[in-house]
Amino acid sequence: MLTGFTPWPEEWADKYRKDGCWKGETFGGMLKERAALYGNQTAVTCKDVHWTYKELDERADRLAAGLHKLGIQKEDRVVVQLPNIAEFFEVIFALFRLGALPVFALPSHRSSEITYFCEFAEAKAYIIPDMHSGFDYRALARQVKDKLPDLAHVIVAGEAEEFQELSSLHREPVQLEDISPAEVAFLQLSGGSTGLSKLIPRTHDDYIYSLRISAEICGLDQHSVYLAALPTAHNYPLSSPGVLGTLYAGGRVVLSPTPSPDDCFPLIEKERVTITALVPPLAMVWMDASGSRSDDLSSLQVLQVGGAKFSAEAARRVKSAFGCTLQQVFGMAEGLVNYTRLDDPEEIIVNTQGRPMSPFDEVRVLDDDGRDVAPGEAGHLFTRGPYTIRGYYKAPEHNERSFTADGFYQTGDIVKLTADGYIIVEGRAKDQINRGGEKIAAEEVENHLLAHPAVHDAAMVSMPDDFLGERSCVFVIPKGEAPKPGELKAFLRERGLAAYKIPDRIEFIASFPKTGVGKVSKKDLRETIAQKVKPAEIKQS
Ligand code: OOB
């Protein structure tokens, strides 16, 4: 078993098998079965590339043989940073068949994040596109290689330059070792709340269970067409039910290069898309665009919105804008995913973030002292279940804090439960900013800023924003004369931080407000900046 992975205790694993959650499927086997059932149906569409299930299955086998020849073996970690392109699927299924573990980086990550993933996971390979959205990933790979000369392979989908070209790896399939469904299939990324993102080990058993239930709840079948508008590597478009849930159901995945209406609306019309997933700010952009464009979106049956809180006012407008059902999705890469059901009453769909997908999900809402609160009262959300991890990868100290002794994961979310068990997200206790669905660990950015010679101390908080829900604001105590905000932002960019983590606003301050025990009071800092950015509303109230 993978070192650094915390498995479910044996009695729980037995229970989840007996209860019929874990059926012993693996990703490699699942694709083989789908290829047998739906061989000539299209699995993946990307521009004018259409791969049938049979073609995808064969490509995965041939690529697995090539990666095997390169020396990629069972349990080797491979950082995969691919955008929404067809190759994403042959790569991940080839790795699944080898038992090698994709580490799912996002296309927006830059050298700071990628170097850390490669180093922490001791990656054998790093797989990238040549160019995407005007960015050259080979230049990024060079920066990573400079810092990590031992990184064995950089593999490029497209023009490889000095690296290894993905398409050149295809070989005659070879016999591979069997993979156990109880083993880790890949590592997802946490949003992070303390320092850098943690890696999340997900097994074949647990993830495939979540796909099966998600596909059922979303009514997916072989006629479904899922549009991947968000980057497929993220847990939400990957599995809720996402691209993998769609393949599980025998449906068709359509890939969009960006989530903009300009790219997505014509694809919905052309490919007769039935379901797609967005984060709240994009849902708002799509609703605005739907009024002024004439694309035929009538095939769309379900629009999922999640990743960050969707306001009830906006939620109410979805049905009239698209003539389809809204589904709110509240999930986390660590496991638990909640959905409103397609036949729920309008008031539930608009006002709640759904209820757990599985009857075996356990959720508890506790007060600060660890006591269960009454329904309707806000508290800390804890969860345990057949697809919620029992520990982060190689993070024993962090696991002590994030998991209770009996295996509940402390989500860091503040929620209320309705009498019917639906969840309403009220806020967050973790030190994280949710920038329209993109998560930023305050401490990670603060640590980078502390490396600047003119920064004495830094504290990052969220500030309210009509469009993204939240943006980031960092309060900086300068050393001597305050530097220019632009200089600090450029400094962070030069350190290779992803663009979404660069603070939206920088405020200089002489000292931080403190809590009773002398810690920096982020609550006070949040209030200070909220008053500054929302003067009009505050005057009215
Ligand atoms: C999804 O996954 P992550 O890992 O990027 O972020 C998880 C966190 C949650 O703990 C919560 O703080 C926030 O994102 N969140 C929401 C939300 N959905 C996620 N907060 C309010 N309302 C929502 N609907 O974001 C994710 C994973 C799978 C499915 C959907 C989202």
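Both counts, for ligands and for their atoms, begin at 1 and track the order of listing.
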- Among all protein non-hydrogen atoms, which one is nearest to atom 9 (C) of ligand 1, and what is the separation to 0.1 Å? Asp413 OD2, 3.3 Å
- If you have a sec, work out which protein heavy atom is nearest atom 18 (N) of ligand 1 and how many Å separate them, to one decimal? Gly307 N, 3.1 Å
- Task: With salt bridge (charged side-chain N to carboxylate O under 4.0 Å, His left out) as the test, would you mind laying out the steps for Asp420 and Arg355 before giving the verdict?
- Result: CA-CA 9 Å; Asp420 310 329; Arg355 62 182 163 86; over 6 Å; no
Distance-only, no hydrogens or angles: does the [X] side chain make a donor-acceptor pair with backbone N or O of [Y] under 3.5 Å?
X	Y	answer
Thr383	Glu362	yes
Arg435	Ser462	no
Thr388	Leu336	yes

Below 4.0 angstrom from a heavy atom of [X], which ligand 1 atoms are there? Numbered from 1 as shown, please.
X	value
Val329	18 (N), 23 (C), 24 (N), 29 (C), 30 (C)
Gln353	22 (N), 24 (N)
Val425	21 (C), 22 (N)
Asn235	27 (C), 28 (C)
Lys309	20 (N), 21 (C), 22 (N)

One residue to check: [X]. Relative to ligand 1, which of side chain, backbone, both or neither has a non-hydrogen atom less than 4.0 Å away?
X	answer
Ser240	side chain
Val305	neither
Gln328	neither

- Message: Using the rule given for side-chain hydrogen bond (donor to acceptor under 3.5 Å, both in side chains), can you reason through Ser402 versus Tyr409, listing the C-alpha separation, both sets of side-chain angles and the distance that settles it, and then say yes or no?
- Response: CA-CA 6 Å; Ser402 299; Tyr409 165 58; over 6 Å; no
- Gln304 and its side chain to side chain contact (heavy atoms under 4.5 Å, CB included) partner, picked from Leu230, Thr276, Ile275: Ile275
- Heavy atoms only: which of Gly437, Ala333, Gly331, Ser190 is nearest to atom 7 (C) of ligand 1? Gly331
- Message: I want to confirm something. Looking only at heavy atoms, which of His234, Arg428, Met332, Met357 is nearest to atom 5 (O) of ligand 1?
- Response: His234
- Enter the distance from Leu497:CG to His109:NE2 here, rounded to the nearest 0.5 Å. 9.0 Å
- Specify whether Phe93 and Phe27 have parallel, tilted or perpendicular ring planes, treating 30° as the upper limit for parallel and 60° as the lower limit for perpendicular. perpendicular
- Pick out which of Asn351, Thr352, Asp344 makes a side chain to side chain donor-acceptor pair (under 3.5 Å) with Tyr422. Asp344
- Message: When you measure from the heavy atoms of Lys439 to every atom of ligand 1, does any distance fall below 4.0 Å?
- Response: yes
- Is the shortest distance from a heavy atom of Gln188 to ligand 1 less than 4.0 Å? no
